[in-house]
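The structure appears below as structure tokens.
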Amino acid sequence: MSIRQEDRYTYHDYYQVDELLEDDHLLARQAVRDWVKQAVTPIIEDYANRAECPTHLFKELADIGAFGPSLPVEYGGGGMDEIAYGIIMQELERGDSGIRSMASVQGSLVMYPIYAFGSEEQKKKYLPKLGSGDLIGCFGLTEPNHGSNPAGMETNIRDDGDAYILNGAKMWITNSPVADLAVVWAKNEMGKIKGLIVEKGTPGFSTPEIHGKWSLRASITGELVFEDVRVPKSQVLPNVEGLKGPFSCLNKARYGIAWGAIGAALDCYDSALRYSLERKQFGRPLAGFQLTQKKLAEMITEITKAQLLVWRLGTLANKGKASPAQISMAKRNNVHMALEIAREARQIHGGMGITNEYPVMRHMMNLETVLTYEGTHDIHLLITGHDVTGENAFT
Ligand code: TGC
Ligand code: FAD
């Protein structure tokens, strides 16, 4: 079977949402789009097939400004606004959700907490190197027994003079086996959650890889295991305590995913539209049948609604007014929308849709993870339910 080499992707903007964007947004988008066509498309099916992470792309992602696009330049970021950040995530996920994950974790889950909650020494030590891709980071919140409910975490620190002793385990951690450092959330002796920067090579710290994923196969995932790991107190993030620390990072990453998922949806729609025009059955193109048109018309309608949703969310985020619940709504809606579109697009491709000559099955499998990580589909529904009713379904 030949592996897809050609990338005929064309962007779709049915409601001329581009008119709402600024020149900087369009320039950033074009640069990332060009990079995805040149660096991601030719290799991604092969890496996904082999369940291998294209780690050489970390440095290239840094070079195109994908790490912390909306963080200040002096702290390793891109100095752009939140819409530019979203648009970059959209183009990356058009290539592959795993590639967007590489950037989400580095920028929103590693650089952001160090920027927002770190000491000046920590920022100077880590942020420029993270922004340039000379250091790779990961984010440890989820545990084997505590996924949707991180408040129950068992990972803990114990005071030991000028250091803390860290024990516990984190599960499902994107990039952990290749990371130089981990931002880890753990409870202290008072039960308060603190963030720590734990460097690779610290005795007692290991990062075994998780194998056997049918989803996000081009992204590397592992555990974080801490056995009496001595972490100097200077490695604790001094300016945050409690769950709002990790949740603030998740707001950033979930926002990026709300944009990113549209990229995967667009790639599936674009491929299905082209295939339906080129493939003939019963003497006419598939696109000429009403049932195919229904699928395509519903796809572009949902994509258009999602594009408008994130544009508005981005304008709110630029003013610092995007609430966590608004971000939850957009993450949930857009990932589900993308997954539904991937499934419909797969049908339009018929048998060819299950092969790696087209991107749809890969996107579809990836989106199963995206539906679950950064808060599952149902958890985000309950966050919206809590917001609109005032009643907390979690307690
Ligand atoms: P709750 O009692 O509601 O809140 C505890 C404290 O946290 C504050 N808070 C937030 N702060 C900022 N942003 C948010 N979104 C916040 N949500 C809550 C809250 O104000 C409170 O602060 P304080 O000062 O009063 O203590 O918390 P809860 O324990 O009842 O949790 C509610 C729930 C279920 C919504 C939450 O646990 C949740 O979101 N669960 C989902 C877990 C999740 O999203 N995990 C993601 C792991 S990381 C990941 O998946 C990375 S994938 C990376 C990739 O490859 O792209
Ligand atoms: P569970 O919490 O056990 O949930 C199982 C099911 O129960 C879900 O459908 C859920 O919606 C449902 N459920 C749970 N509670 C309720 C409730 N109160 N009401 C109704 N339904 C409920 N985590 C990190 O910290 N860092 C990472 O870098 C990271 N990367 C990941 C990469 C991949 C490939 C994957 C798959 C996950 C990653 N995660 C990461 C973990 C991810 O955030 C969790 O998988 C997710 O939060 C769900 O937790 P869980 O898998 O333990 O599912």
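Indexing begins at 1, ligand by ligand and atom by atom, following the structure's order. Fair warning: this is a prediction, and the values are worked out from it, not measured in the lab.
Considering backbone and side-chain atoms together, Glu374 places an N or O closer than 3.5 Å to an N or O of ligand 1. For the pair Phe139 and ligand 2, the shortest N or O to N or O distance falls below 3.5 Å. Between Asn149 and ligand 2, a contact under 3.5 Å exists for no N or O pair. The shortest N or O to N or O distance between His146 and ligand 2 is not below 3.5 Å.
Residue contacts with ligand 1 include Leu109, since one of its heavy atoms falls under 4.0 Å from the ligand. The closest approach between Pro150 and ligand 1 falls below 4.0 Å for a heavy atom of the residue. Residue contact check for ligand 2: Asn175 places no non-hydrogen atom closer than 4.0 Å to it. Put simply, no part of His386 is less than 4.0 Å from ligand 1, judged by heavy atoms. Residue contact annotation: Gly242 has no non-hydrogen atom under 4.0 Å from ligand 1. Look at Met102 and you'll find every heavy atom at least 4.0 Å from all atoms of ligand 1.
The distance from the CG atom of Asn392 to the NE2 atom of His386 is 4.0 Å, given to the nearest 0.5 Å.
Within the listing of ligand 2, atoms 25 (O) sit less than 4.0 angstrom from a heavy atom of Leu141. Each of the atoms 43 (O) of ligand 2 lies under 4.0 Å from some heavy atom of Glu374. Interface atoms of ligand 2 facing Tyr373, defined by a heavy-atom separation under 4.0 Å, are 31 (C), 32 (C), 33 (C), 37 (C), 38 (C), 42 (C), 43 (O).
At a cut-off of 3.5 Å, with distance as the only test, a side-chain donor of Glu344 or Gln347 sits close to an acceptor on the other residue.
Scanning the protein heavy atoms around atom 39 (O) of ligand 1, the nearest turns out to be Arg254 NH2, 3.1 Å. Closest to atom 40 (N) of ligand 1 among all protein heavy atoms lies Ser148 O, 2.9 Å. Ranking protein heavy atoms by distance to atom 15 (N) of ligand 1, first place goes to Asn251 OD1, 2.8 Å.
Exactly one residue among Arg343, Arg362, Arg217 makes a salt bridge (charged side-chain N to carboxylate O under 4.0 Å, His left out) with Glu368. That residue is Arg343.
Both tests do not hold together for Lys200 against Phe205: distance to the six-membered ring centre under 6.0 Å, angle to the ring axis within 45°.
Closer than 4.0 Å to atom 26 (N) of ligand 2 lies at least one heavy atom of the protein. Inside a 4.0 Å radius of atom 11 (O) of ligand 2 there is at least one protein heavy atom. Counting protein heavy atoms under 4.0 angstrom from atom 48 (C) of ligand 2 gives one or more. For atom 19 (N) of ligand 2, the nearest protein heavy atom is under 4.0 Å away. In this structure, atom 23 (N) of ligand 2 has protein heavy atoms in its sub-4.0 angstrom surroundings. When distances from atom 40 (C) of ligand 2 to the protein are checked, a heavy atom turns up under 4.0 Å. Under the 4.0 angstrom criterion, atom 37 (C) of ligand 2 counts as having a protein heavy-atom contact.
Sorted by first and then second residue, the pairs that involve residues 107-117 and meet side chain to side chain donor-acceptor pair (under 3.5 Å), not counting sequence neighbours, are Tyr85-Ser108.
When heavy-atom distances to ligand 1 are checked against a 4.0 Å cut-off, Leu382 has no atom that comes that close, whether in backbone or side chain. Proximity of Thr174 to ligand 2, defined as any heavy-atom pair under 4.0 Å, is shared by backbone and side chain alike. Counting heavy atoms under 4.0 Å from ligand 2, residue Thr369 touches it through the side chain alone. In His377, neither the side chain nor the backbone holds a heavy atom less than 4.0 Å from any atom of ligand 2.
For atom 37 (O) of ligand 1, the candidate residues are Trp172, Phe139, Phe247, Trp185; the nearest heavy-atom contact is made by Phe247.
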